[in-house]
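First comes the structure, then the notes that go with it.
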Amino acid sequence: MSLPAFDDTIAAIATAPGDSGLAVVRVSGAGALACAARVFEGAPLESALSHTLHHGWARGPAEGAPRLDEVVAAVFRAPRSYTREDVVEFSCHGGRLPARRLLAALLGAGARLATPGEFTLRAFLRGRLDLAQAEAVADLIHAETERAADLALAQLSGALSKELHAITERVRDALAETEARVDFAEDVGGVEVPPHVREAIASAAAQLEAMLAGSAFARAVREGVHVPLVGRPNAGKSSLFNALLGEARAIVTDVPGTTRDRVSEPLELAGVRVTLSDTAGVREAADAIEAEGVERALASLASAACVLWVVDASRALTSEDHALAARFGAARVLVALNQSDRPGVTRASEVEALLPTALTCVPVSAVTGAGVDALREALARQLGGPESASLAGAVANARHAEALTRAAGALRRAGGAAQEGAPGEIVALELREALAAAGEVTGETLGEDLLERIFARFCIGK
Amino acid sequence: MIPPLPQAPRALDMGPAPGVPTHALPLDAAAAASRAGRFDVVVVGAGHAGCEAAHAAARMGLSVALVTVQVGDTAKMSCNPAIGGVAKGHMVRELDALGGLMGRITDRAGIQFKVLNRGRGPAVWSPRAQCDKRAYSAAMLDVLAATPGLQFVAGTAERVRLDAAGRVAGLELSDGRVLESRAVVITPGTFLDGVMHIGEQRVAGGRIGEHAALALSRCLGALGLERGRLKTGTPPRLHRDSVETAACTEAPGDEPPRPFSHWTESLTLTQVLCWSTHTTAETHAVIRDNLSRSPLYSGDIRGVGPRYCPSLEDKVVKFPERLSHHLFLEPEGREVDEIYVNGVSTSMPADVQWAFLRTIPGLERCEMLRPGYAVEYDFVLPHQLDPTLQARRTPGLWLAGQICGTSGYEEAAAQGFVAGVNAARTVRGESPWVLRRDEAYIGVLVDDLVTREHREPYRMFTSAAEHRLLLRADNADERLAAAGHALGLITDAQRERVRARYADIAAEESRLARVQVRPVGEVARSGVTARDWLARPQSAYAALPALGVATALAEPEAEALEVRVKYHGYIERQRRTAAQATAAESLRLPVALWDTDLRGVSHEAAEKLRRWRPETLGQAGRIAGVSPADLAILAVLRARKI
Ligand SMILES: Cc1cc2nc3c(=O)[nH]c(=O)nc-3n(C[C@H](O)[C@H](O)[C@H](O)COP(=O)(O)OP(=O)(O)OC[C@H]3O[C@@H](n4cnc5c(N)ncnc54)[C@H](O)[C@@H]3O)c2cc1C
Ligand SMILES: Nc1nc2c(ncn2[C@@H]2O[C@H](COP(=O)(O)OP(=O)(O)OP(=O)(O)O)[C@@H](O)[C@H]2O)c(=O)[nH]1
Ligand SMILES: [Mg+2]
């Protein structure tokens, strides 16, 4: 585990590289004001008040060094700053050079180059953010859709931590009552776990499960999802793929078996980053290349959040459609009844009959474009759950979801044990396990690997 | 019909120094003082802590002086004449497995044996025994007298002597004698500046009829040890013949009685009866009418008492909705007249006690032999001790028992053992001996004492042990006999016996896993092994013969097997969490850390950390006010080796 120092002064360029009007260079640490003052020609920064802006010139730290750029210095004094340390943020001109030269000046003035995520790590170490919040910062930086950003922001504001805290407080109460009955059997008497404690356990479990129910979508928002188009050869998959993207990305011909390799493109739907992929038509393959393509098409079903099944409605269903339907398994399926510009042969009800679960079938024509918007909307609905779903407190992070799933499981077992009249200490064991698992999310549980995880996330990774 | 007290064995009353002919000794005490002796270890106070400490150190081959005011008061039960109970019984079993005394003495002095909580889970089954007070003291004296290397010294300890380097050099007694030693274990119970309250009356003393240790308390203060004030109470004693037992409910012991000690083969005794009765609305009225006369409510007592063992006046005031409280009448011995009234600890004036007792069914004509009283005393805030119970700033000084802020004989004995063993090991130049939280309640006890804040007397509860399912009374020998053997306190034969016992249990378990059974009333369903059948909640080992399966184990091994089989899954899970917790325990924090400025650690946490000086990251995490972020910083500081 490589551990960074956390009490020296660090500096880094805070904006992305590339052409931009402005760039920001940030310094944080006990020596931030002194360090910034040495590269700033203008008001004396060391005596500047918190939350003030100062116009001036950046220059090298050496005596008589030339000016580097015209800048604005924003001063934030501890603890009213992002890191809870003294912070100065310089806004300089964009482009490749100005920010780099200013950073070099700061390093020359005694700052150390910050490792990726180190400002956030400090905010965590200084107790301004809990672990879930600190992780949200990384998510916010990497958000690719509006909704992913909203989600990260909700987590950053502590919505998840707060909701979780309310639940764990109730579990703690239930544990205390259970323990009291174990230790003071004679005084409290009777049942090991009284009904009101059992109810509290059950409702805490239900709340956690509700948080987790939104988790699939929240994770879709955070991590993006995969939607493959599958179907018989010549059903019009490639044509529909192009129609959804609005560009002629995949090759379209009237030769069955045109598409061999998988072709993927990103698309934003309902705030979710969707990776749409066109696949080879599924049939008894004519050659080894096609066979490999079919294999890949079928493999794509496994990782799919939703499968877009393209059916040529102008022809009758074949045994190949039956075989394909049998491969869908638990995947969510949306049916595009394609070639609707031609006389219909296959009706929606016939397709629906092939699968055990209810289906949405959308008539569409890849050639005329009719129904493509409706298809897009139907797909968005499949991914988005209830339109109004609030993402506050949603569990978007796989690590969090995993820990909370364990917590919910332990609570369910606690409830079950209590119901069966198991000894109080067994119920207590499950409750303690639930608390420990929930504590991993905010960092309260000092797990074996917690510290490593913190540092891995902020210093070695992003 | 009080049996005569046993003679004090080998009491060193200004005893002659070795090699000096007796007739040559000067008669003047001050001159004799210089010859009072040199010992490897000196223990102050022959209470429950002191006896274990002295015994363990002597058994480890050292010369030990056990200094106590009155040798006849050795291992006196100041309060309830019973050993064990929930969580406390577990500690006695652990001590016993390690080579301690309490379990064996209890088997000799017990008059009623009972395993509590039998209707509940196995983690809370707890042995408890009612003892004959005098027999207990006598048996302890017997064993200590027969312990080579252990010498009693009758006297009052007054001052710990230090050498120029601030290390312990010896102990001064009130009569001027000096015992030279590099290791002193202090276990004075409630005697440090003890004050007893009986209603409006205040008397200095640690126990009724005994003097308070004022000088010793001042000496500890002078050593820079921060002290606090606690209080505890004891109920009135009644004359046996004045109690109408017919009006009470009988509370018999278990038949057959199960021995406390792993090393007692069986018990043959006629058990005595106890009785239960209850307070009435009238009792509560008497108490309410006289509250102003209770030192608890008039403000005379400043010490903090235990919440879990409240006085009757507390119970009446704090639980007004309860119209009646249970209480037990327990004889203090086979042939003594005193009956202990369990459940009415009180510090009301004697006349009020007498008046309310007489409103209780069965006690209408009772006569009090001794009123109940409360005692306030000094204790040393235990965060100043290291995990061997040695004072951090005074090498060579150990503290154990009630002086560390605990309450109860068992808690005291456990600490005495830890302190005695570590004092001996230190003298021998060996490493500290510390039990982990997942190894024993004793480990939990010591860790809790040195890492937590205590505002009331600490008493052991099963909930204090997060690995409770592993720390059962039934497997104490499996957990600890090897450790006791390594300390030199368990013999080869004893260790071999434990090994064979668990080998038998394991063999029986694997045999049952190979035998098929068809449970009564179940239609031919294939594939139930006897082991799986036994794992069901309602199955019992004793019922196996009825299913055509012979059994090989007798009690208590049979029961140990049942517990293993029925709770297998939970026990395994707890084992895993314990292993994870141990990982954090292995991250040691260097002591030098606490003298740095702890830059980055929050202000509150830094203050706490400097006070407690945790030895591992795991301990630091248990200190209230230390956040995960603080721990992360400690991890960084630790990795830098400062
Ligand atoms: C009035 C009273 C009420 C109690 N009530 C409860 C209760 O309700 N619940 C409970 O769990 N526990 C109770 N206890 C506590 C229980 O008795 C103690 O926790 C336990 O005995 C402590 O053991 P120890 O070895 O620390 O001290 P003790 O058993 O008290 O032994 C201390 C010994 O040290 C000797 N000594 C003291 N000072 C000196 C000195 N300067 N020099 C030489 N010898 C010295 C004393 O004579 C005594 O023999 C009560 C104790 C008392 C006195
Ligand atoms: N009339 C009409 N023709 C369509 C429609 N969609 C596709 N086609 C035609 O059907 C033929 C096959 O279309 P593709 O999109 O290549 O079909 P595919 O499913 O990708 O076929 P493979 O890649 O061979 O599996 C082409 O000639 C398309 O022009 C439609 O909606 N209406
Ligand atoms: Mg194609």
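Quantities reported herein were computed from a predicted structural model and do not represent experimental measurements. Proteins get letters first, then strands, A, B, ... in listed order; numbering begins at 1 in each.
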Notebook entry, point to check: Which residues satisfy the side chain to side chain contact (heavy atoms under 4.5 Å, CB included) test with B/Arg452, sequence neighbours excluded?
Noted result: B/Arg437, B/Asp448, B/His454, B/Arg622
Checklist line | Results of side-chain hydrogen bond (donor to acceptor under 3.5 Å, both in side chains) for B/Asp597 - residues two or more places apart only | finding: none
Item checked: Region of B/Pro122 in contact with chain A, defined by heavy-atom distances below 4.5 Å -> both
Next item on the list: Drop me the distance from A/Arg413's CZ to B/Tyr570's OH, to the nearest 0.5 angstrom.
Entry: 8.0 Å
Item checked: chain A contact via B/Glu466 - which portion, at a heavy-atom distance below 4.5 Å -> both
Next item on the list: Measure B/Thr462 against the heavy atoms of chain A and call it side chain, backbone, both or neither at under 4.5 Å.
Entry: both
Notebook entry, point to check: Are there residues of residues 418-432 of chain A that reach to under 4.5 Å of chain B by heavy atoms, and which ones?
Noted result: A/Pro423, A/Glu425, A/Ile426, A/Ala428, A/Leu429, A/Glu430, A/Arg432
Check: Of all residues at least two apart in sequence or in a different chain, which pass the salt bridge (charged side-chain N to carboxylate O under 4.0 Å, His left out) check with B/Glu559?
Finding: B/Arg118, B/Arg258
Next item on the list: Report, as yes or no, whether the 6.0 Å neighbourhood of atom CD on B/Glu250 holds more than 12 heavy atoms from other residues, nucleotides or ligands.
Entry: no
Note to self: Does A/Arg170, at its CZ atom, have more than 12 non-hydrogen atoms belonging to other residues, nucleotides or ligands within less than 6.0 Å?
What the structure shows: yes
